[in-house]
Amino acid sequence: MEQFSKQYYSISEVAEIFKVKTSKLRYWETQFPHLMPKRRSSGIRKYTPEDIEKIKVLIQLIDEKGLTIEGAKQAINHRGEAKNINTPLINQLTEIRQFLQGLREDLGE
């Protein structure tokens, strides 16, 4: 984990660190339950260095790797391993192809 000099950061400071809009951070809070910065009684968000590390992972998954929000959720749920959501379909199509190739061979083509 990177070293941060402060215990808490404002949403604008975090947005500046990652060069994103504050609205993106607020939206991600609604989509990722593990990202819940503390709030003052006035409602102002206070991001800890741990929160910033979580955002760093989201930036890597969504902005750098190009995953969707759902893809990033799955990757986080699978301990950071991005899984292709089409894997079951790909496997099924591969089995169908193998069956058809075997059928073609049996028919003598």
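This one's a predicted model, so the numbers in the text were calculated from it and none came from an experiment.
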Cluster link Leu35 to Tyr8, ILVMFWY, side chain under 4.5 Å:
no

Quick check on the hydrophobic clustering: are Ile76 and Ile69 connected, directly or via other members, by side-chain heavy-atom contacts under 4.5 Å?
yes

Donor-acceptor pairs are to be reported for all side-chain atoms of residues 24-31 against protein atoms at under 3.5 Å, with residues two or more places apart or in another chain.
from, atom 1, to, atom 2, distance (Å)
Lys24, NZ, Asp63, OD1, 3.2
Lys24, NZ, Asp63, OD2, 3.1
Arg26, NH1, Thr22, OG1, 3.3
Glu29, OE1, Arg39, NH2, 3.3
Glu29, OE1, Arg45, NE, 3.1
Glu29, OE2, Arg45, NE, 2.7
Glu29, OE2, Tyr47, OH, 2.7
Thr30, OG1, Tyr27, O, 2.5
Gln31, OE1, Lys73, NZ, 3.3

Go through the structure and list residues passing side-chain contact (heavy atoms from CB on, under 4.5 Å) with Ser10, not counting sequence neighbours.
Ser12, Glu13

Quick check: are there more than 12 heavy atoms from other residues, nucleotides or ligands sitting under 6.0 Å from [atom1] of [X]?
X: Gln92; atom1: CD; answer: no
X: Glu64; atom1: CD; answer: yes
X: Lys6; atom1: NZ; answer: yes

In Å, rounded to the nearest 0.5 Å, how long is the span from [atom1] of [X] to [atom2] of [Y]?
X: Asn77; Y: Gln74; atom1: CG; atom2: CD; answer: 8.0 Å
X: Lys65; Y: Ile59; atom1: NZ; atom2: CD1; answer: 13.5 Å
X: Glu105; Y: Leu103; atom1: CD; atom2: CG; answer: 10.0 Å

Would you say [X] and [Y] make side-chain contact, with heavy atoms under 4.5 Å?
X: Phe18; Y: Lys56; value: yes
X: Asp51; Y: Val14; value: no
X: Leu89; Y: Leu93; value: yes

To check you understand the geometry: which heavy-atom pair defines the closest contact between Ile62 and Ala72, and what is its length?
CG1-CB, 3.7 Å

Ile11 and Ile44: CA distance, side-chain angles, deciding distance, side-chain contact (heavy atoms from CB on, under 4.5 Å) verdict
CA-CA 8 Å; Ile11 192 169; Ile44 296 175; over 6 Å; no

Distance-only side-chain donor-acceptor flag, Glu70 / Thr68, under 3.5 Å
no

Between Lys46 (side chain only) and Arg40 (backbone N and O only), is there a donor and an acceptor less than 3.5 Å apart?
no

